[in-house]
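Single-structure report; data block below.
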Amino acid sequence: MAFKPLHDRVVVRRTEGDEKTAGGLIIPDSAKEKPSEGEIVSVGEGARKDSGELIAPSVKAGDRVLFGKWSGTEITVEGEELLIMKESDILGIIA
């Protein structure tokens, strides 16, 4: 990837949402909510304490994560839509 986030930021690729409801109805694109689940693509080196000591990130590339509905900033890199957000916007890692 040609983009590397700085400090405590991460780049996330959203996972695709369901095409159908549990009852079998097809959901049109205009009615779909953007998923709040994704895969970490790239991670910055981490935040720094006031003393200058580096705080290593808790996530790594390849982790599946949950994040808030309005988290991050949408960017386009090499024709792919991605999100860049602070590590603190991530709610948890999916095992």
Side-chain angles (χ1 to χ4, degrees):
M1 172 183 246
F3 182 81
K4 174 135 176 78
L6 298 176
H7 308 295
D8 63 338
R9 288 181 173 75
V10 296
V11 177
V12 178
R13 177 184 303 119
R14 286 188 198 262
T15 57
E16 293 299 319
D18 293 333
E19 299 289 322
K20 294 182 181 181
T21 64
L25 297 175
I26 297 174
I27 304 170
D29 288 338
S30 59
K32 286 183 190 173
E33 285 191 26
K34 291 186 177 180
S36 58
E37 181 180 325
E39 179 184 353
I40 302 287
V41 176
S42 183
V43 181
E45 72 233 10
R48 295 218 178 253
K49 294 181 181 178
D50 291 336
S51 64
E53 184 182 344
L54 187 67
I55 302 169
S58 304
V59 295
K60 62 187 179 308
D63 284 348
R64 288 183 51 218
V65 295
L66 289 175
F67 49 87
K69 189 172 186 174
W70 305 108
S71 297
T73 302
E74 293 183 358
I75 60 171
T76 303
V77 178
E78 298 173 356
E80 184 178 14
E81 289 187 17
L82 302 168
L83 285 171
I84 185 167
M85 65 182 72
K86 287 190 164 258
E87 183 184 16
S88 60
D89 291 340
I90 296 173
L91 304 174
I93 299 171
I94 301 171

Rounded distance [0.5 Å steps], [atom1] in [X] versus [atom2] in [Y]:
X: Leu83; Y: Asp89; atom1: CG; atom2: CG; result: 10.0 Å
X: Ile90; Y: Ser36; atom1: CD1; atom2: OG; result: 12.0 Å
X: Ile75; Y: Ile84; atom1: CD1; atom2: CD1; result: 5.0 Å
X: Arg9; Y: Ser42; atom1: CZ; atom2: OG; result: 13.0 Å
X: Leu82; Y: Arg13; atom1: CG; atom2: CZ; result: 6.5 Å

Passes side-chain contact (heavy atoms from CB on, under 4.5 Å), Val10 versus Met85? Steps please. CA-CA 6 Å; Val10 296; Met85 65 182 72; 3.8 Å; yes

Sub-4.5 Å side-chain heavy-atom contact between [X] and [Y]:
X: Glu45; Y: Lys4; value: no
X: Ile55; Y: Lys49; value: yes
X: Val12; Y: Val41; value: no
X: Val59; Y: Glu87; value: yes

For the pair Glu37 and Arg64, find out whether any cationic side-chain nitrogen is under 4.0 Å from an anionic carboxylate oxygen.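 Result for this pair is yes, salt bridge flagged.
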
Using the salt bridge (charged side-chain N to carboxylate O under 4.0 Å, His left out) criterion, which residues pair with Asp8? Sequence neighbours excluded.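 Salt bridge (charged side-chain N to carboxylate O under 4.0 Å, His left out) check on Asp8 returns Lys86.
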
Should Val77 and Val11 be counted in the same cluster of Ile, Leu, Val, Met, Phe, Trp and Tyr side chains packed under 4.5 Å apart?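 Yes.
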
Following the transitive rule for hydrophobic clusters with a side-chain heavy-atom cut-off under 4.5 Å over Ile, Leu, Val, Met, Phe, Trp and Tyr, establish whether Ile93 and Phe67 coincide in one cluster.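 Looking at the clustering, Phe67 is in the same group as Ile93.
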
Check the pair Glu53 / Arg48 against side-chain contact (heavy atoms from CB on, under 4.5 Å), numbers first and verdict last. CA-CA 5 Å; Glu53 184 182 344; Arg48 295 218 178 253; over 6 Å; no

